Amino acid sequence: VRSGVRRSDRPESFVTHAWPAIERARRAMVPTLSPTDQCCCGCSLSQGVQVISWYSVIVGAVSMLTLTMSSFADSPARSDVDQTVALLETVFQSLAFFAGLKGLFGVVLRDAKPIRTLLLYYFGEVIVRSIAFVIREFGACSELRRLQLLRRAPEDMTCQTPRVALLATYVVHIAMVLYFAYVLWSFMTRLESGEFGYPATSLDEVELFLRTSQRATADRTASAPDSVRPYSGEPRNLVEGGDASGVGEPFRGPALRLE
């Protein structure tokens, strides 16, 4: 029985003593990401989030205009797969208009919840761009042959050239999107920790605070006696509700000198 107890205790004691070492090794291999205190070009985080939000609004507006103008007509220079991928990218980018507006509201109201919507949009942008990149990389050779048949690409061009161009475009765009996400996350982290002078509060929390304050004031006023009730604007005297018989009586008694 004793040996059985010891055997059951050994795994628990091993995990208990080994877990701190495992956690230290994990932190050493994967450094903790800390929020930044400024954006590029020396701008503050608030200004950087505003720029990112306005950029998102413009991208979303242009994407919605592209969808309304039906510019995805059948083109012999582009395959059906490429046109479908471009259409899906444009549909997703039209959501940037609403996400950018949420980001602007979050900066003005000092609320992290709307900014979180914009951050989630850019995470989705990374996923959509990655899927589109993989599809276009696999179809780069067929797209090149199509362009060569239409005499829109040089005959001596190989598949490596469009693939390198697609990879360079993808890396630049993903780097920009990830930096946007890092700036948004840093602003949210510092906003929630109250580093901007006051903690972030949403409109619902402000409304709840005002209602609670008004209710507490009304309860105090109702429970207060008449002698200490707040001034209502009506004229009152010092002996209101009391005995005013002694008011105005002359002094009686012997005169005294202050010596």
Side-chain angles (χ1 to χ4, degrees), residues 19-20 22-67 88-134 169-213:
W19 179 254
I22 297 174
E23 186 66 17
R24 286 194 299 268
R26 184 191 66 82
R27 292 180 179 179
M29 291 185 295
V30 182
T32 306
L33 185 64
S34 58
T36 182
D37 55 353
Q38 62 180 4
C39 191
C40 60
C41 304
C43 300
S44 62
L45 282 178
S46 178
Q47 294 174 347
V49 173
Q50 289 181 12
V51 171
I52 295 173
S53 301
W54 278 115
Y55 169 79
S56 305
V57 169
I58 294 174
V59 170
V62 172
S63 300
M64 287 190 292
L65 287 176
T66 305
L67 290 175
L88 294 178
E89 282 182 335
T90 309
V91 170
F92 181 81
Q93 288 177 352
S94 62
L95 301 177
F97 179 80
F98 306 101
L101 290 180
K102 297 273 285 185
L104 291 175
F105 290 153
V107 174
V108 173
L109 301 176
R110 286 293 190 265
D111 191 2
K113 292 181 180 179
I115 302 176
R116 188 175 291 109
T117 303
L118 184 58
L119 179 62
L120 291 177
Y121 165 77
Y122 278 111
F123 284 150
E125 176 76 10
V126 172
I127 296 174
V128 172
R129 286 282 182 171
S130 301
I131 296 175
F133 168 73
V134 172
T169 306
Y170 170 77
V171 169
V172 171
H173 184 80
I174 291 301
M176 181 186 69
V177 169
L178 290 179
Y179 181 73
F180 285 174
Y182 175 62
V183 172
L184 294 172
W185 173 78
S186 301
F187 184 76
M188 287 172 48
T189 303
R190 297 188 180 277
L191 189 63
E192 291 174 346
S193 63
E195 295 187 16
F196 289 95
Y198 53 91
T201 53
S202 61
L203 292 179
D204 296 336
E205 293 174 350
V206 172
E207 185 178 359
L208 178 62
F209 173 76
L210 293 177
R211 289 181 179 179
T212 306
S213 302

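Note that the structure is predicted; figures quoted are calculated from it, not measured.
Here the CE atom belonging to M176 is positioned 5.0 Å from the CZ atom belonging to F180, to the nearest 0.5 angstrom. Rounding to the nearest 0.5 Å places CG of L109 at 9.5 Å from CD1 of I115. The CG atom of L101 lies 4.5 Å from the CZ atom of F97; values are rounded to the nearest 0.5 Å. Taken from CZ in F98 to CE in M64, the straight-line distance is 5.0 Å, to the nearest 0.5 Å. Rounded to the nearest 0.5 angstrom, L184 CG and L45 CG are separated by 9.5 Å. Taking OH of Y179 as the reference point, atom CD1 of I52 lies at 7.5 Å (rounded to 0.5 Å).
When all heavy atoms of S186 and T36 are compared, the closest pair comes out as OG-N, 3.1 Å. In terms of heavy-atom proximity, E192 sits nearest to A112 at OE2-CB, 3.6 Å. Residue C39 comes nearest to S44 through the heavy atom pair CB-O, 3.8 Å, listed as atom of the first residue, atom of the second, then distance. Closest approach of T189 and P35 over heavy atoms only: CG2-CG, 4.1 Å. Between L118 and S53, the closest heavy-atom pair is CD2-OG, 3.6 Å.
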Does the pair S46 and R190 meet the rule for a side-chain contact (heavy atoms from CB on, under 4.5 Å), with working shown?
CA-CA 11 Å; S46 178; R190 297 188 180 277; over 6 Å; no

For F92 and L88: C-alpha separation, side-chain torsions, deciding distance, then whether side-chain contact (heavy atoms from CB on, under 4.5 Å) applies.
CA-CA 6 Å; F92 181 81; L88 294 178; over 6 Å; no

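Screening L191, L104, V107 for a side-chain contact (heavy atoms from CB on, under 4.5 Å) with V49, the sole residue that qualifies is V107.
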Pair up each side-chain donor or acceptor in residues 119-133 with any protein partner under 3.5 Å, not counting sequence neighbours, and list the distances.
unit_1: Y121; atom_1: OH; unit_2: E125; atom_2: OE1; d: 3.4
unit_1: Y122; atom_1: OH; unit_2: S56; atom_2: OG; d: 2.5
unit_1: E125; atom_1: OE2; unit_2: R129; atom_2: NE; d: 3.1
unit_1: E125; atom_1: OE2; unit_2: H173; atom_2: NE2; d: 3.0
unit_1: R129; atom_1: NE; unit_2: H173; atom_2: NE2; d: 3.3
unit_1: S130; atom_1: OG; unit_2: V126; atom_2: O; d: 2.7
unit_1: S130; atom_1: OG; unit_2: Y170; atom_2: OH; d: 2.8

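Taking a 6.0 Å sphere around CZ of F105, one finds it holds 12 or fewer heavy atoms contributed by other residues, nucleotides or ligands.
Shown here are the side-chain hydrogen bond (donor to acceptor under 3.5 Å, both in side chains) partners of Q38, two or more places apart in sequence or in another chain: there are none. S63 is linked by a side-chain contact (heavy atoms from CB on, under 4.5 Å) to V59, T90, Q93, S94, counting only residues two or more places apart in sequence or in another chain.
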